[in-house]
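Before any comments, here is the structure.
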Amino acid sequence: MARADSRLTGPRLARRSLGVEFLTIGWNVIEAAVAVVSGVIAASVALTAFGIDSGIELVSAAIVAVRLRSLIVTKETNEEKERRALRVVAVCFYALAVYVLVDATLTLSSGEHPAASPIGIGVTAAALVVMPALAAAKRHLANRFDADRLSGFATILRADAAETALCAVLAGTTLLGLGLNALFGWWWADPTASLVVVYFAVNEGREAWRGELVCADDD
């Protein structure tokens with residue numbers, strides 16, 4: 001199988017990558033809708049932030065899908081467009097970090113108690129399975145683009161993989177906060193758990209802006 005993959009051309013790699021991006025988009029449509037609605041109903045900062053992150057992942061995946069489609073149709077790359085697309089992904093990281101920081105701080109200071117959310121627990125648990133698998137697939141394809149000397153697409157796929165992996169991190173922290181609140185009534189665990197993602201979002205956003213984003217655990 002590895003030998004077959006190594007012979008993939010740029011357009012064929014793009015088609016395979018496009019399929020992964022469509023899976024990402026489809027999953028995140030469901031994930032974002034369920035998380036945001038249930039988060040608002042439960043007044044959960046962590047769950048609402050998780051849903052917004054899913055929306056950002058939609059933006060990221062759509063940007064990458066457009067660039068991949070361009071490679072399929074024209075069989076050419078445009079590094080300037082790839083650089084601009086990467087910076088949009090970076091801005092998405094920063095926007096998420098700002099939202100989480102502000103909303104979590106306000107919730108902690110006001111003492112607002114979020115309600116338990118079984119639906120939120122379900123969707124975040126599912127995301128812990130789906131998102132790491134999608135991130136791994138994107139990193140693998142990025143390596144194949146590197147082998148085909150299409151470093152621009154490899155870089156943007158790695159940035160998108162990082163966004164997907166960050167969604168998995170946020171799913172884990174959100175699930176922890178929701179679980180502690182539901183089991184023990186620790187209301188503060190919800191907004192506190194959401195703050196974990198701020199560090200990751202700022203760091204990945206900075207690297208994506210510079211075009212230096214490379215996941216340490218690439219294949």
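All values below were derived from every heavy atom in this structure, side-chain atoms included, with hydrogens, water molecules and symmetry-related copies excluded.
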Name each donor-acceptor pair under 3.5 Å that joins a side chain in residues 90-97 to protein atoms two or more places apart or in another chain, with its distance.
residue: Tyr94; atom: OH; partner: Arg206; partner atom: N; Å: 3.1

Drop me the distance from [X]'s [atom1] to [Y]'s [atom2], to the nearest 0.5 angstrom.
{"X": "Phe145", "Y": "Lys138", "atom1": "CZ", "atom2": "NZ", "value": "13.0 Å"}
{"X": "Glu21", "Y": "Arg69", "atom1": "CD", "atom2": "CZ", "value": "14.5 Å"}
{"X": "Thr192", "Y": "Leu180", "atom1": "OG1", "atom2": "CG", "value": "10.0 Å"}
{"X": "Asn28", "Y": "Cys167", "atom1": "CG", "atom2": "SG", "value": "5.5 Å"}

Using the side chain to side chain contact (heavy atoms under 4.5 Å, CB included) criterion, which residues pair with [X]? Sequence neighbours excluded.
{"X": "Val66", "result": "none"}
{"X": "Ile25", "result": "Phe22, Val29, Leu58, Ala61"}
{"X": "Ala135", "result": "Arg139, Thr164, Ala165"}
{"X": "Ala32", "result": "Ser54"}

### Query
Only one of Leu175, Leu178, Val36 forms a side chain to side chain contact (heavy atoms under 4.5 Å, CB included) with Leu47, so which one is it?
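So, applying the side chain to side chain contact (heavy atoms under 4.5 Å, CB included) to Leu47 and each of Leu175, Leu178, Val36, only Leu178 qualifies.
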### Query
So with a 6.0 Å cut-off around CG of Leu176, is the heavy-atom count from everything else above 12?
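Yes - once you tally the heavy atoms of other residues, nucleotides and ligands closer than 6.0 Å, there are more than 12.
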### Query
Looking only at heavy atoms, what is the nearest atom pair of Leu18 and Ala65, with distance?
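Result for this residue pair: CD1-O, 3.4 Å.
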### Message
Give me each pair satisfying side-chain hydrogen bond (donor to acceptor under 3.5 Å, both in side chains) with a member in residues 169-179, each pair once, sequence neighbours excluded.
### Response
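Those involving residues 169-179 do not exist here.
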### Query
Got a sec, which pairs hit side-chain hydrogen bond (donor to acceptor under 3.5 Å, both in side chains) with one end in residues 33-49, sequence neighbours left out?
Ser44-Asp190
### Task
Linking directly or through intermediates, with side-chain heavy atoms under 4.5 Å: list the remaining ILVMFWY members grouped with Val129, chain and number order.
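Members besides Val129: none; it forms no cluster.
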### Task
List, by chain and then residue number, the residues other than Val98 in its hydrophobic cluster (Ile/Leu/Val/Met/Phe/Trp/Tyr, side-chain heavy atoms under 4.5 Å); write none if there are no others.
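When side chains under 4.5 Å apart are linked, the cluster holding Val98 also contains Val102, Leu106.
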Would a hydrophobic clustering, with Ile, Leu, Val, Met, Phe, Trp and Tyr connected at side-chain separations under 4.5 Å, put [X] with [Y]?
{"X": "Ile41", "Y": "Val45", "result": "no"}
{"X": "Leu23", "Y": "Val130", "result": "yes"}
{"X": "Val34", "Y": "Val37", "result": "no"}

### Query
So, do Leu195 and Leu108 sit near enough that their side-chain heavy atoms are less than 4.5 Å apart?
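A side-chain contact under 4.5 Å exists here.
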### Query
Arg158 versus Asn143: any side-chain heavy-atom pair under 4.5 Å?
yes
### Task
Just grab all the salt bridge (charged side-chain N to carboxylate O under 4.0 Å, His left out) pairs involving residues 31-52, residues at least two apart or on different chains.
none
### Task
Would you mind listing every ring-ring contact (aromatic ring centres under 6.0 Å, His included) that reaches into residues 32-53, with sequence neighbours excluded?
none
In a table with atom names and distances, give each donor-acceptor pair under 3.5 Å that connects a side chain of residues 181-188 to protein atoms at least two apart or in another chain.
residue: Asn181; atom: ND2; partner: Pro114; partner atom: O; Å: 3.0
residue: Trp187; atom: NE1; partner: His113; partner atom: NE2; Å: 3.3

